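Throughout, protein chains are lettered first and strands after them, A, B, ... in sequence-line order, and every chain is numbered starting at 1. All heavy atoms count here, side chains included; hydrogens, waters and symmetry mates do not. All values derive from a computational prediction rather than experimental measurement.
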Amino acid sequence: MSLKEPLHVPCYHCGEPCEGSNIALEDKIFCCEGCKMVYEILNENDLCRYYQLDDQAGISLKGRRQEHYAYLDDKEIREQLIDYSNGEHTRVRFHLPQIHCASCIWLLENLYRLNDGITQSKVHFTKKEIQLSYLESQTSVRKIVELLASIGYAPAINLGDADRPKEKAVSRRLYFQLGVAGFAFGNIMLLSFPEYLGLSSEEDQFFQHIFGYGNILLAIPVVFYSGWDYLRSAALSLRHGHFNMDVPISLGIITLFVRSVFDILTTGGAGYLDSLAGLVFFLLIGKWFQQKTFYHLAFDRDYRSYFPIAALLKDGAGERSVPVQKLDPGQTIIVKNGELVPADGLLVKGGAQIDYSFVTGEAEPVHIPIGEKLYAGGRQVGERIEVTLTKKVSQSYLTQLWNDEAFQKDEDSTTQRLADKVGRYFTFIILLVSFATLAYWLPRDLSIAINAFTAVLIVACPCAVALAVPFTFGNSIRILAHNQFFLKNIHVLEGLRNIQSIVFDKTGTLTGVRHTEGQYVGEALHALEKQMVQSLVRQSAHPASQQLDQWLGNTGGPLEISQFEEIAGQGVQGVADGRQIQVGSRTFTGAPPTAGEGVFIRIDGDIKGRFEMGSRYRLGLEEVVQSLKTRYRLFLLSGDNDRERAHLEPIFGGKDALLFQQSPGEKLQFVKKLQADGKKVCMIGDGLNDAGALRQSDTGIVLTENTNNFTPASDAILHAGQFHRLPLLLDFARKNIHLVYAAYSFAVAYNIIGLSFAVQGTLSPVVAAILMPASSITIVLFGVLSSNLLARKMQLHIWGDKNQSIV
Amino acid sequence: MKIILLLIFISLIVALGFLGAFFWAVRSGQYEDEYTPSIRILLDDEPSSQNDNPATSKK
């Protein structure tokens with residue numbers, strides 16, 4: 001076989017280039033047997049429309065390891081996954097990270113054509129989730145999962161699924177409340193027409209009367225259903241002795257309602273019920289606007305979202321699957337290639353090559369000799385190993401981090417929010433003004449006194465103030481999401497402005513895991529040799545092989561490899577084009593001990609050279625650090641040894657800012673220590689080992705290359721590609737507070753106008769009905785427009801598809 | 001002029017109907033997934049040239 005002219009032939013199934021592939025069916029060419037098999041399944045079942053619906057249909061099965069789903073036959077494990085079952089009809093949900101296009105939806109919703117037992121399947125695209133109903137008599141969870149895996153959609157099943165609430169009750173309450181308030185608002189305005197038009201003939205008086213009663217009926221659900229949460233929250237905060245924003249709001253709602261009902265029943269006046277309904281309606285819209293859910297992200301994951309649900313227990317002579325929570329110290333489990341070690345243990349059999357990248361961010365697997373300790377969270381690469389456990393899953397070196405008190409406390413209760421602080425002053429001022437008004441009028445005229453007193457409470461109701469934060473911050477977190485900086489909620493944005501110290505993790509945060517670049521040392525390889533080496537390493541899923549593959553770039557099509565062999569922990573070898581190639585460790589290739597470190601390449605018995613894997617720092621690291629240093633105190637914590645100290649010290653400046661060989665627990669303690677000094681700390685990390693520090697910090701930001709990947713619990717997620725813009729994004733978050741202050745001053749101006757009517761006892765329902773919506777709408781428009789304007793000035797993206805941008 | 005009472009009454013009934021429709025929409029989960037249905041609506045029809053007897057949906 002000779003060097004082939006590269007032809008650009010995409011695989012019919014997955015679309016990846018498959019030059020030189022001889023796997024074909026009729027006129028269709030496939031990159032691998034897996035893809036061909038999927039095509040055959042789909043073709044047999046008349047599902048080939050899959051390929052026409054979307055250009056990007058088809059998921060490559062290359063390098064996909066064979067999962068074993070035998071554990072799904074275990075009743076105990078199965079029951080943890082199932083949402084609902086009555087013995088015959090069963091409902092189950094799976095997370096399918098592969099969902100990416102219209103074809104996926106079509107195929108997955110046509111699953112019943114591949115398995116008769118499936119009665120319904122429904123895809124939630126943004127959550128990348130499928131909900132399936134099936135008949136127990138005809139199929140099983142295992143069969144369905146195997147079917148999904150066989151067509152390229154292997155479900156992500158992990159320990160977190162077992163603990164999740166069954167069929168979580170989605171909060172639809174806000175929608176109902178909003179619907180009721182909107183309905184009442186519109187109809188009360190309709191019924192208030194006689195008042196708006198100032199009609200005063202006798203017949204009009206009659207209408208006004210009837211309509212007044214109608215308005216009361218409409219307003220009752222507004223107060224007691226739509227506005228109930230405000231009243232309850234106000235009562236709760238009063239009981240705890242502190243005023244939040246809901247106190248003046250509730251004061252306004254109650255006064256509006258009581259005064260209006262009184263007016264209508266006694267004097268036949270119109271009351272302020274239209275203002276009341278409008279107020280509640282706008283408040284609820286603000287509440288809805290600030291709740292932005294990023295479905296494709298999870299801010300609350302812990303190790304369970306990453307750990308397997310079952311382990312293979314060695315039980316006497318046999319093997320059986322058990323739920324990992326049931327594993328006890330002393331038991332021996334089997335961990336196969338690509339599987340995760342669920343609890344700390346000692347290696348008793350097999351060659352362990354453990355990839356701790358999710359735990360530490362370190363890309364290179366570690367070789368563990370027999371009898372040595374394995375830590376939970378590492379992934380075995382290579383042959384199957386046997387491990388005798390020394391700890392329970394929840395008590396392991398890594399997982400015990402979650403037993404720290406930092407994970408017990410309720411995060412939200414610790415932050416003092418701006419709106420609540422403003423609310424406190426607001427309540428105070430309103431009460432002051434209203435009682436002053438009362439005191440002024442009481443000796444002069446009782447009815448004006450009552451009138452003016454209630455009018456002050458009504459008009460001062462801080463609807464506009466309460467809307468400033470939801471709309472300004474709510475819009476800003478949308479803008480930040482367009483820039484691939486995802487905040488959990490608006491309170492995170494508020495918290496960012498107080499940050500004084502930023503703590504970085506090193507591996508995986510300042511260095512990119514995937515972008516590690518290598519360096520080749522030795523005799524230069526010519527084109528055919530490069531092609532041979534690449535063809536060989538492509539057969540292996542080892543990270544070093546993948547890195548080498550990437551580094552080699554496009555060398556032409558893959559050559560046929562015969563006598564391929566992968567020796568776990570050592571390397572790969574095979575014969576291409578009649579020549580023997582070995583790629584692997586020094587001992588594997590037989591290179592002299594003086595040759596240095598790295599992956600050695602040996603062709604036909606000659607050591608050609610070695611490939612050094614390097615770790616590259618993220619783009620713009622120096623600029624980012626320089627820019628952040630002017631405002632924040634910076635620290636660096638690394639679980640790694642300090643070989644990079646010389647490189648990092650000049651960037652960070654100061655020896656004490658860098659700490660190496662930090663355990664997950666020490667990272668957490670470091671953040672705690674900074675906080676004890678009264679500092680507000682922002683932790684930026686990526687791996688599970690940062691989870692404690694992320695949680696303990698005031699704002700935890702996770703950096704990730706791909707949001708489908710595991711990210712530990714955090715307040716914010718930043719796409720790694722945006723790292724160089726971090727100072728800009730933080731700056732934007734910080735400047736937002738000025739917009740809120742500006743919105744507040746608008747609200748105060750409106751209030752002063754309203755109050756000037758109110759204290760004189762001349763606030764007519766019409767004035768209130770105009771003033772309140774006008775101020776609310778002004779604030780809404782100001783909040784949205786000003787944050788957009790600020791973003792444009794700072795050259796941030798304002799538009800873009802936030803769901804797709806990060807996939 | 002009294003007829004206006006009847007008209008208002010009818011308009012309230014109609015508005016209640018819309019409120020009921022909104023409730024039904026929320027309850028049936030239409031506000032939980034705002035993206036997938038927009039794609040799904042484009043997928044239902046099988047092209048007749050490809051497939052002579054389109055499979056009927058079980059849903």
Spatial distance of atom [atom1] ([X]) from atom [atom2] ([Y]) [nearest 0.5 Å]:
X	Y	atom1	atom2	answer
B:Ile8	A:Leu191	CD1	CG	5.5 Å
A:Trp106	B:Arg40	CH2	CZ	14.5 Å
B:Leu16	A:Asn187	CG	CG	7.5 Å
A:Ile105	B:Tyr35	CD1	OH	7.0 Å
A:Leu178	B:Phe22	CG	CZ	6.0 Å

**Asked** Above 12 or not: heavy atoms from other molecules or residues under 6.0 Å from OH of A:Tyr213?
**Response** yes
**Residues, nucleotides or ligands: over 12 heavy atoms within 6.0 Å of A:Lys28 NZ** = yes
Taking all non-hydrogen atoms of both residues into account, name the closest pair between [X] and [Y] and its distance.
X	Y	answer
A:Gly179	B:Leu19	O-CD1, 3.4 Å
B:Thr36	A:Val123	CG2-O, 3.3 Å
A:Arg172	B:Glu32	NE-OE2, 2.8 Å
A:Phe125	B:Asp33	N-OD2, 4.0 Å

**Request:** For A:Phe211 and B:Leu5, run side-chain contact (heavy atoms from CB on, under 4.5 Å): C-alpha distance rounded to whole Å, both residues' side-chain angles, the deciding distance at 0.1 Å, then the answer.
**Result:** CA-CA 9 Å; A:Phe211 291 166; B:Leu5 280 183; 3.9 Å; yes
